[in-house]
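Just so we're clear, the structure is a prediction, and the values are computed from it rather than from any experiment. Positions are given from 1 along the sequence. Just follow the structure's listing: the first ligand is 1, and inside any ligand the first atom is 1.
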Amino acid sequence: MKKIAVLTSGGDAPGMNAAIRAVTRGALARGWEVFGVRNGYAGLLEDRLDPLAARNVGGILQSGGTVLGSARCPEFKEQSGRERALSNLKKRKIDALVVIGGNGSQSGSASLDREGFTVVGVPSTIDNDLYGNDVSIGCDTAINITLEAIDRLRTTASSHHRAFAVETMGRDCGYIGLMAGIAGGAEVIALPEVEITPAQIAERLREAYRRGKTHALAVIAEGAKCGVHELMAYYGAHRKSIGFDLRVTRLGHVVRGGIPSAADRVLATRLGAAAVATLASGARGVLVGIVKGDVITTPLAEITGRTRPADASMLELARVMAI
Ligand code: F6P
């Protein structure tokens, strides 16, 4: 291995910069050359690669987002797009690529692997929905941002004897909502993994009111079938019988924009270094991940088309704790 390139792709996630730094410095320490690709796969198509030296990745550990830029790139899904990307990589004599990103990005890695190019994936998505990995880079920070919002909302909810519904991101995975809901003592948590109706959510808020609580919090994961709109519509018709007034806060991209937590920086550093070590060992076409505390690799072909759902059995814990 002589020359590698690194890119960040898909939705940005806090800790991506720590991963770029780890890949770059881990590779430079082995005497390799490193190139940073601008704006994800789009940069491969446009041949936007710049050399990365140790100083180029200094002072970025604590920054959210990605200094390389990111993008969702539909052209890369086409054979012609991939051919252009591969020809640019060959022209520059790049031996291998490290892809830092979530599910969509790792499908891209898998397609490069199928075309015979050496690639290693690093799991980075606030959604934490990648198969073959317990915790993705960015999700700890996203949980903490959601939790901070829940804690703040509880203050005003309690003063005004209100219920709040907080919607957090996560696409089709409820991990952020589940963890932040448990940490924030939510009365009810709605996840994409488990069907819950607006009436059932409202009932949990009603029970909280009857038990004499000063406030109630519902955490709604973005992909839940009962979203905040459905809940508001139900509330409109049943407000009187529920007790609490309802206010809704949708956190949206705020969840993604934080300063990476210590846990995300350490995770990104471990996984970035592991990606380089994997390439050095001669392995290819794998995702590096942490399972039960250990760094492991899983073939990209195995993770494609699979996701890792949130552990919905923990909802019962949240329910008991909200009595
Ligand atoms: O995958 C990360 C994520 O933030 C999801 O939680 C969310 O559904 C999606 O990206 C939003 O995508 P975009 O930034 O393209 O609007």
Notebook entry, point to check: Hey, does Gly102 sit under 4.0 Å from ligand 1 if you only count heavy atoms?
Noted result: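 Gly102 does not count as a contact of ligand 1 under the 4.0 Å cut-off.
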Nearest non-hydrogen protein atom, [atom]:
{"atom": "atom 12 (O) of ligand 1", "answer": "Arg72 NH2, 3.0 Å"}
{"atom": "atom 16 (O) of ligand 1", "answer": "His253 NE2, 3.2 Å"}
{"atom": "atom 11 (C) of ligand 1", "answer": "Arg256 NH1, 3.7 Å"}
{"atom": "atom 9 (C) of ligand 1", "answer": "Arg171 NH2, 3.6 Å"}
{"atom": "atom 7 (C) of ligand 1", "answer": "Glu222 OE1, 3.5 Å"}

Check: For Asp140, what residues pass the side-chain hydrogen bond (donor to acceptor under 3.5 Å, both in side chains) criterion, not counting sequence neighbours?
Finding: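 Asp140 satisfies side-chain hydrogen bond (donor to acceptor under 3.5 Å, both in side chains) with Asn144, Ser261 once adjacent residues are dropped.
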Margin query: Looking at Asp12 and Arg256, is there a salt bridge between them, counting it only when a charged N and a carboxylate O are closer than 4.0 Å?
Written below: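 Yes, this pair counts.
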Note to self: Between the side chains of Arg319 and Glu316, is the shortest nitrogen-to-carboxylate-oxygen separation below 4.0 Å, so that they form an ion pair?
What the structure shows: yes
Next item on the list: For residues 28-49, pull every pair meeting salt bridge (Lys or Arg N to Asp or Glu O under 4.0 Å), keeping only residues two or more places apart or in separate chains.
Entry: Arg38-Asp50, Asp47-Lys91, Asp47-Arg92
Next item on the list: Can you see which heavy atom on Leu45 is nearest to which on Glu75, and at what distance?
Entry: CD2-CB, 3.5 Å
Item checked: The single option from Asp264, Asn103, Asn128 passing side-chain hydrogen bond (donor to acceptor under 3.5 Å, both in side chains) against Ser136 -> Asn128
Margin query: Using a 4.0 Å cut-off to any heavy atom of Gly170, which atoms of ligand 1 qualify?
Written below: 6 (O)
Next item on the list: List every atom of ligand 1 that sits less than 4.0 Å from any heavy atom of Asp127, numbering the atoms from 1 in the order shown and giving each element.
Entry: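 The atoms of ligand 1 under 4.0 Å from a heavy atom of Asp127 are 1 (O), 2 (C), 3 (C), 5 (C), 6 (O).
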Margin query: Name the residue from Thr168, Ile201, Val166 that meets the side chain to side chain contact (heavy atoms under 4.5 Å, CB included) definition with Ile220.
Written below: Ile201
Checklist line | ligand 1 contact on Val255 by region, counting heavy-atom pairs under 4.0 Å | finding: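 No part of Val255 is near ligand 1 at this cut-off.
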